[in-house]
Amino acid sequence: MRLDIMLFAVLKEAQRAERISLDLPAGSTVGDLKAAVAREFPSLAAYLPSARVASALRFAPDHHVIGESEPLALIPPVSGG
């Protein structure tokens with residue numbers, strides 16, 4: 001399945017793009033997605049251990065199985081007051 005992933009903040013700056021696309025087999029998990037992003041987009045690899053994946057507008061754990069039409073986003077940690 002072809003996945004379109006939105007990037008935010010430092011991830012967008014590191015990749016110099018607002019989105020990336022990636023092919024993964026059906027039944028892949030969020031953990032599989034993060035591993036594939038690290039392989040295919042080395043500029044993002046250092047940020048992935050602390051980044052979260054939002055799937056269908058909710059943060060998803062690594063064991064979450066991604067559906068083909070779910071909107072996906074990679075979101076780095078945020079801070080502020």
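Sequential numbering from 1 along the given sequence is applied to the chain's residues. None of these values were measured; they are calculated from a predicted model.
Legend: side-chain hydrogen bond (donor to acceptor under 3.5 Å, both in side chains) pairs involving residues 37-53, not counting sequence neighbours, sorted by first then second residue: Gln15-Ser43.
Of the inter-residue distances, the one linking Leu24 atom CG with Leu33 atom CG reads 6.0 Å to the nearest 0.5 angstrom. For the atom pair CD of Glu68 and OG of Ser28, the computed distance is 10.5 Å after rounding to the nearest 0.5 Å. Separating the OG atom in Ser21 from the CD1 atom in Ile5 is a distance of 7.5 Å, to the nearest 0.5 Å.
Pro61 meets the side chain to side chain contact (heavy atoms under 4.5 Å, CB included) test with His63, His64; sequence neighbours excluded. The side chain to side chain contact (heavy atoms under 4.5 Å, CB included) search around Ala45 returns Ala38, not counting sequence neighbours. With sequence neighbours excluded, no residue forms a salt bridge (Lys or Arg N to Asp or Glu O under 4.0 Å) with Arg16. Residues that satisfy the side-chain hydrogen bond (donor to acceptor under 3.5 Å, both in side chains) test with Arg19, not counting sequence neighbours, are Asp4. Partners of Arg58 under the side-chain hydrogen bond (donor to acceptor under 3.5 Å, both in side chains) rule, at least two apart in sequence or in another chain, do not exist in this structure. Taking Thr29 as the reference, Asp32 meet the side-chain hydrogen bond (donor to acceptor under 3.5 Å, both in side chains) condition, with sequence neighbours excluded.
Nearest heavy-atom pair across Leu22 and Ala36 is CD2-CB, 3.7 Å. Taking all atoms of both residues into account, the shortest heavy-atom contact from Ile66 to Met1 is O-CE, 3.5 Å. For Ala73 against Phe8, the heavy-atom pair with the smallest separation is CB-CE1, 3.6 Å. Heavy atoms only, all atoms of each residue included: Leu7 and Ala17 are closest at CD1-O, 3.6 Å.
Within the 4.5 Å cutoff, the side chain of Leu44 has heavy atoms near those of the Ile20 side chain.
Under a hydrophobic clustering in which Ile, Leu, Val, Met, Phe, Trp and Tyr are joined whenever their side-chain heavy atoms come within less than 4.5 Å, directly or via other members, Leu72 and Met6 fall into different clusters.
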Could you walk me through whether Val53 and Leu74 pass side chain to side chain contact (heavy atoms under 4.5 Å, CB included), step by step? CA-CA 5 Å; Val53 173; Leu74 271 172; 3.6 Å; yes
